[in-house]
Number of protein chains: 2
Amino acid sequence: MAKYTIQQAAEISGLKIEALRYYEREGLIRDVHRLPNGHRRYSEQDIQWIEFLICMRDSGMPIRDLKRYVDLCYQKGTGHERCDLLEAHRDAVEVQIAKYEAYLARIEDKIAWYRERLPRRTEQDEANKKE
Amino acid sequence: MAKYTIQQAAEISGLKIEALRYYEREGLIRDVHRLPNGHRRYSEQDIQWIEFLICMRDSGMPIRDLKRYVDLCYQKGTGHERCDLLEAHRDAVEVQIAKYEAYLARIEDKIAWYRERLPRRTEQDEANKKE
DNA sequence: TTAAAACCTGTAGTGCGCTACAGGTCAAGC
DNA sequence: GCTTGACCTGTAGCGCACTACAGGTTTTAA
């Protein structure tokens, strides 16, 4: 059940060990199993939960809001409220994507502008390109 | 030509006055016209440039990288290099959008999961929803 | 004439999300 | 038995992108 050391959990999730401990301190990760010597052992579910946290955080939810969601997860009868939060976040992510797409279009315009104006690359340019 | 006060530039761009001055200190905005008393007057081009900066910043380019790009803009014969930077950034934005879309799908799955499991909202729930 | 508004410079502080460090425990291998 | 390494806690520090503040000048309006 609880089979991963903190190092392994870090490797799997991509978070650093320090960040895992930080999340736990902040209350985002809870009830991690401990060996008698106090070492953490993460279960498969812990890993899944961590990946969910990463999803939420990387899609723009601040730690504080995520904390509020997690708090709800530890209270019974808050299903609707949690779902509302998720839906609000989904909407925010959609808005974010739309913004990124608008920025992308603008950047592409600028690239096109350069392409029209720029003389062909010389061999020297190519050599300098360092790719 | 140079017609906007810093306050107006802030209103138009959505940046705060302090941020405009900060960007100037950092070298992202240059050659802003000054009245004899030292007050800034932004031109239409300044505004456009500021909006470009915001586009780059909000699409994920760190100030430091943006600074490097701006530095190139003040050096002749760097067109190709600038274009390369823009293309690299465009690629990064595309990757970012793809990530956001994956996160979005995951969030939607979770919402669907809740929807399947959750009993219908009671009137009390609706009243608590505070929308 | 004086008070308020808008601006200036320079520097210090803030909030976020980690990240690093100090000082310690414990188990395994040489 | 001693070192190494992975872990622990608690606290301090960092990097980024602002943001606020102190202390000043100048213009405008009452």
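Proteins get letters first, then strands, A, B, ... in listed order; numbering begins at 1 in each. Quick note: numbers below take in every heavy atom, side chains included, and nothing from hydrogens, waters or symmetry partners.
Both B:Arg21 and B:Pro62 lie close to DNA chain D; mapped to their nearest nucleotides by heavy-atom distance, the more 5′-ward contact belongs to B:Pro62.
Under the 3.5 Å distance criterion, the side-chain polar atoms of B:Arg57 are matched with a main-chain donor or acceptor of B:Met61. In this structure, A:Arg30 contributes its side chain and A:Gly27 its backbone to a donor-acceptor pair below 3.5 Å. Judged by distance alone, the side chain of B:Asp46 and the main-chain N or O of B:Ser43 form a donor-acceptor pair under 3.5 Å. Counting only distance, with no hydrogens or angles, the side chain of B:Thr5 and the backbone of B:Gln8 share a donor-acceptor pair below 3.5 Å.
Taking A:Arg40 as the reference, A:Glu24 meet the side chain to side chain donor-acceptor pair (under 3.5 Å) condition, with sequence neighbours excluded.
For the side chain to side chain donor-acceptor pair (under 3.5 Å) with B:Ser59, the qualifying choice from B:His89, B:Gln96, B:Arg90 is B:His89, the only one to do so.
Atom CG of B:Leu28 and atom P of D:dA17 are 10 Å apart (whole Å). The separation between A:Glu26 atom CD and C:dG15 atom P is 15 Å, rounded to whole Å. Across the protein-nucleic acid pair, B:Arg25 atom CZ and C:dT11 atom C1' stand 9 Å apart, rounded to whole Å. Nucleotide D:dC7 holds its P atom 14 Å from the CD atom of A:Glu24, rounded to whole Å. Put simply, CD on A:Glu18 is 11 Å from P on D:dC8, counting in whole angstrom units.
Within residues 3-17 of chain A, the residues that place at least one heavy atom under 4.0 Å from DNA chain C are, in residue-number order, A:Lys16. For the contact set between residues 29-43 of chain A and DNA chain D, defined by any heavy atom under 4.0 Å, the members are A:Arg34, A:Gly38, A:His39, A:Arg40.
Taking only side-chain atoms of A:Tyr23, from C-beta outward, the nucleotide of D:dT19, C:dC18, D:dA17 with the closest atom is C:dC18. The side chain of B:Tyr22 has D:dT19 as its nearest neighbour among D:dT19, C:dG17, C:dC7.
With respect to A:Arg25 and A:Glu18, no salt bridge is recorded, no charged nitrogen being found less than 4.0 Å from a carboxylate O.
Between A:Tyr69 and A:Tyr74, a ring centre-to-centre spacing not shorter than 6.0 Å is recorded.
The closest side-chain heavy-atom distance from A:Met56 to A:Asp65 is not below 4.5 Å.
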